[in-house]
Number of protein chains: 2
Amino acid sequence: MQNIIEFALEIDKLKQVTRKTRVLNSERYENSAEHSWQIALLAASLQSYAAEPVDINQVVMMLLVHDIGEIETGDTIVYAESGWEERKAHELACVTRIFGMLAPEQGARFLDLWKEFEAGETAEARFANAADRAMPVLLNLANHGQSWLENGIRHEQVVKRIAPPIREGCPALWEYLEGRLLDAKAKGWLG
Amino acid sequence: MQNIIEFALEIDKLKQVTRKTRVLNSERYENSAEHSWQIALLAASLQSYAAEPVDINQVVMMLLVHDIGEIETGDTIVYAESGWEERKAHELACVTRIFGMLAPEQGARFLDLWKEFEAGETAEARFANAADRAMPVLLNLANHGQSWLENGIRHEQVVKRIAPPIREGCPALWEYLEGRLLDAKAKGWLG
């Protein structure tokens, strides 16, 4: 029991990992804990639009654990060009440590979910990834391009980075976003 | 698709519902979105200690949606003595509206989860409730009684409020907390 309590308190740190997107109608930057909650519900709501049939419970659990490695690395904007591999190795070490606080069977379950998300080789991982990539775009579209403008992100960078994974995991979502992104560009919400 | 996007943006408001407990090692009060994420993972980790066998996916989904009604009512400390029924009626109206933004089948799924949690009549709901009640206690124990001291909460109030539901859903967790709460009282972390 004590080890589970320590695990629950350790992951509290994800509430202090700030992302680049602000909470709607707030000056506060969202954190990776509340982001994980939001995309789990986005994915559950989008289930019927998944590219392939998915086990939605697997998707939800994957999304709940996928960012825990950021407790040691912090969040990096998806448009960062370098350092990706070192960062992923550090995240893996972090989640191995944190999930290792749990009983072996439970820890392995969480670690497998984390690895499945990162590998992106199952229908569930691809769909989960689509939800993860789409949510900051949706917040930016609602925020008039807030994090794009603050970070000098251009329309073609967004499309290049997010079109392939979203199209692959949830094609109807990409179809929706494609038009919205062109509209956002026309409005000057990104460069 | 548009209705799902609007749902995902509507629930963003839960990130602005502040609770009485502070994030560990931070001055910031936690919000109900990140709290929902944390207790979903607490429950998943505690599964083997559930009073009865539970469908853990059902528990997790219940915890992810159970606080959404607070978007209109805000969070009320569990020790509040009055107004509970009016508040629950308002929360029900709120989740009926918000889940009603989704396609009927998906909206009904979320609404049923919310109602199941509130009714507390299934093993899953009782276990979910135990996780929900325990987490602020665990944060307070780590925070040296922060929200108890700020709100003048006494040891017997905590025990009266949380012992029955936690014992019912996760007896080993109550056994653990009972000793920790006595220790906290001795340390002056609650009255």
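Throughout, a chain's letter reflects where its sequence line sits, starting with A, and its residues are numbered from 1.
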Subject >> Proximal component of Ile39(A), with respect to chain B [non-hydrogen, under 4.5 Å] >> reply: neither
Original post:
Of all of Ile11(A), Val65(A), Leu141(A), Val60(A), which one pairs up most often with chain B through heavy atoms under 4.5 Å apart?
Top reply: Ile11(A)
Original post:
Between Met61(B), Lys13(B), Glu105(B), which has the largest tally of heavy atom pairs under 4.5 Å with chain A?
Top reply: Met61(B)
Subject >> Close side-chain approach of Glu34(B) and His35(A), heavy atoms under 4.5 Å >> reply: no
Subject >> Student check: side-chain heavy atoms of Glu175(A) and Met1(B) closer than 4.5 Å >> reply: no
Original post:
Out of curiosity, does Ile71(A) fall in the hydrophobic cluster containing Leu111(A) (side-chain heavy atoms, cut-off under 4.5 Å, transitive links)?
Top reply: yes
Subject >> Neighbour count >12 (heavy atoms, 6.0 Å) for atom CG, Asn25(A) >> reply: no
Original post:
Would a hydrophobic clustering, with Ile, Leu, Val, Met, Phe, Trp and Tyr connected at side-chain separations under 4.5 Å, put Phe127(A) with Tyr49(A)?
Top reply: yes
Original post:
Between Asn31(A) and chain B, which part of the residue has a heavy atom less than 4.5 Å away: side chain, backbone, both or neither?
Top reply: side chain
Original post:
Is there side-chain contact between Leu9(B) and Leu139(A), with heavy atoms separated by less than 4.5 Å?
Top reply: yes
Subject >> Side chain Arg109(B), main chain Ser45(A), donor-acceptor under 3.5 Å >> reply: no
Original post:
Taking all non-hydrogen atoms of both residues, which atom of Lys15(A) and which atom of Arg28(B) are closest, and how far apart?
Top reply: O-NH2, 2.9 Å
Original post:
Atom CD1 in Ile5(B), atom CZ in Arg180(A): separation rounded to 0.5 Å?
Top reply: 8.0 Å
**OP:** Please flag which part of Gln2(A) lies under 4.5 Å from any non-hydrogen atom of chain B: side chain, backbone, both or neither.
**Re:** both
Original post:
With only heavy atoms counted, which part of Ala44(A) is less than 4.5 Å from chain B, the side chain, the backbone, both or neither?
Top reply: both
**OP:** Count the heavy-atom pairs under 4.5 Å between each of Asn3(A), Leu64(A), Leu42(A) and chain B, then report the option with the highest count.
**Re:** Leu64(A)
Original post:
Of the backbone (N, CA, C, O) and the side chain (C-beta and beyond), which part of Leu24(A) lies under 4.5 Å from a heavy atom of chain B, both, or neither?
Top reply: both
Subject >> Nearest-0.5 Å distance, CZ of residue Phe7(B) to CG of residue Leu41(A) >> reply: 5.5 Å
Original post:
Side chain, backbone, both or neither: which part of Ala8(A) has a heavy atom under 4.5 Å from chain B?
Top reply: both
**OP:** Could you tell me which portion of Leu177(A) (side chain, backbone, both or neither) has an atom closer than 4.5 angstrom to a non-hydrogen atom of chain B?
**Re:** neither
Original post:
Which one, Leu46(A), Leu138(A), Asp12(A), Val23(A), leads in non-hydrogen pairs under 4.5 Å with chain B?
Top reply: Asp12(A)
Original post:
Are side-chain heavy atoms of Ile4(A) and Gln47(B) found at a separation under 4.5 Å?
Top reply: no
**OP:** Let me know if Ala40(A) has heavy atoms under 4.5 Å from chain B in its side chain, its backbone, both or neither.
**Re:** side chain
Original post:
Same hydrophobic cluster for Val17(B) and Leu92(B), using side-chain heavy-atom links shorter than 4.5 Å among ILVMFWY?
Top reply: yes
